[in-house]
Amino acid sequence: MVWILGTWNVNSLKARQEHVLRYLEKKSPSVLCLQETKLRDEAFPKAVFESRGYQVLHAGGPGRNGVAILTRDPAKGIIRGFPEVDDPQAHERLFGAEIRGIYVISVYVPNGSPVGSDYFLYKLEFLYRLREFLERHFTPETPLALCGDFNVAPGGLDVYDPELLEGQICFHERERSALRLLADWGLVDALRLKHPDKPGLFSWWDYQFGAFRANRGMRLDHIWVTRPLAERLADCFIDCEPRTWSKPSDHAPVIAVFDLPD
DNA sequence: ATGACTGGAGTTTCCAGA
């Protein structure tokens, strides 16, 4: 069977509810991970999504964060935040569940701006904690998909101007190396597995300066998969269509298509 | 033309996003 997994930073679900519903209707993903819902748990309009056949798992809070997993199939083995670490922010930034034998994680890595600040160090720490979390709870042989907004462009191909952006937030060597350390646990970047050398593939564009029209963006949203899942990957792409809709999120969905046994 | 974006909080202007 074809199993479609998506991840999308919606920049407020309240502002983007109609976009998300339209997207589910048009593309019918099996699972859609969301980031930046900006909702408290009790404020999530669960019934609206349930009536369209999606179970809602949401980890929000009073702040600007909030991650969710919308799934057509039942979920179990739910994990919220880093269970072994006292990190309240992670409770609104990490949510995982097992769906059809695949462990799906929706994550929103802190932005970390400005470079060099305490918040920047927290971003790096968050990426290290993410690796420790994987080490503790899973193995690289677990079918696992780590999806979300990593707020890091992995390499020079993933930003519109690597020379200009080098050292700036989301394209600093310390961020990239923290991301590599995470991936070295046993994860593959699904998009680069299918499109290893293709430039101009971005998932975020600044609202300002006509950045989307000029395709001046960065690839900050990723789907990282373990080997057993990578072997099942049929396709991976960034779906720019919702970025063209009226009042869009500044991020576009990333979609991975898998061929799973029936 | 010297600006140019968006959402949320909370109250009219600021902060954060990336």
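Keep in mind that what you see is a predicted model, and the values were worked out from it rather than measured.
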**Study point:** Closest-nucleotide 5' rank along DNA chain B - winner of Thr37(A) and Val109(A)
**Key:** Thr37(A)

Review point. Above 12 or not: heavy atoms from other molecules or residues under 6.0 Å from CG of Asp184(A)?
Key: yes

**Study point:** Between dA18(B) (C1') and Asp221(A) (CG): distance, integer Å
**Key:** 11 Å

Review point. Taking only N and O in the side chain of Tyr108(A), is any of them less than 4.0 Å away from OP1 or OP2 of dA18(B)?
Key: yes

Review point. Do Phe202(A) and Phe212(A) have their ring centres less than 6.0 Å from each other?
Key: no

Exercise for review: Indicate whether OP1 or OP2 belonging to dT6(B) is found under 4.0 Å from a side-chain N or O atom of Arg16(A).
Suggested key: no

Exercise for review: Take atom C1' in dT2(B) and the same atom in dT13(B), then report the distance between them in whole Å.
Suggested key: 23 Å

Practice item. Would you mind classifying the nucleic acid contact of Gln168(A) as base, sugar-phosphate or nothing, using non-hydrogen atoms under 4.0 angstrom? Key: nothing

Practice item. Please determine if a side-chain N or O atom of Tyr119(A) lies less than 4.0 Å away from the OP1 or OP2 oxygen of dG17(B). Key: yes

Check your understanding: Separation of Phe209(A) atom CZ from dG3(B) atom P, in whole Å?
Key -> 12 Å

Review point. Within less than 4.0 Å of OP1 or OP2 of dG7(B), is there a side-chain N or O belonging to Lys247(A)?
Key: yes

Practice item. Give a yes or no on whether a salt bridge exists between Arg52(A) and Glu25(A), defined as a side-chain N under 4.0 angstrom from a carboxylate O. Key: no

Practice item. For dT11(B) versus dA1(B), give the span between their C1' atoms, rounded off to a whole number of Å. Key: 31 Å

Review point. Touch check for Asp206(A), heavy atoms < 4.0 angstrom, all strands: base, sugar-phosphate only, or nothing?
Key: nothing

Review point. Please give, in whole Å, the distance from dA4(B) P to Trp205(A) CH2?
Key: 24 Å

Study note, to complete from the structure: Judged by nearest nucleotide, the residue sitting upstream toward the 5' end of DNA chain B, Lys14(A) or Met218(A), is Lys14(A)

Review point. Does His251(A) place a side-chain N or O at less than 4.0 Å from the phosphate oxygens OP1/OP2 of dA18(B)?
Key: yes

Review point. If you measure from the Lys or Arg side-chain nitrogens to the Asp or Glu carboxylate oxygens, is any gap between Arg219(A) and Asp189(A) under 4.0 Å?
Key: yes

Check your understanding: Over how many whole Å does the gap from Tyr160(A) atom OH to dA18(B) atom P extend?
Key -> 15 Å

Practice item. Starting from C1' on dA18(B), measure out to NE2 on His172(A) and report it in whole angstrom. Key: 15 Å

Check your understanding: Could Asp41(A) and Arg80(A) be called an ion pair, given the rule that one side-chain N must be under 4.0 Å from one carboxylate O?
Key -> yes

Review point. Can you check ring pair (Phe, Tyr, Trp, His ring centres under 6.0 Å) on His137(A) and Tyr103(A), steps first, answer last?
Key: CA-CA 11 Å; His137(A) 292 273; Tyr103(A) 208 83; 8.6 Å; no

Practice item. Starting from P on dG8(B), measure out to CG on Asn11(A) and report it in whole angstrom. Key: 7 Å

Exercise for review: For Lys38(A) and dG17(B), give me the distance from atom NZ to atom P, rounded to whole Å.
Suggested key: 9 Å

Practice item. Establish, with yes or no, whether the OP1 or OP2 oxygen of dG8(B) is under 4.0 angstrom from a side-chain nitrogen or oxygen of Ser12(A). Key: yes

Exercise for review: Give one of base, sugar-phosphate or nothing for Asn9(A), where a contact means two heavy atoms less than 4.0 Å apart.
Suggested key: sugar-phosphate

Review point. How far does the C1' atom of dA18(B) sit from the matching atom of dT6(B), given to the nearest Å?
Key: 12 Å

Review point. Just how far, in rounded Å, is C1' of dA18(B) from CH2 of Trp204(A)?
Key: 4 Å

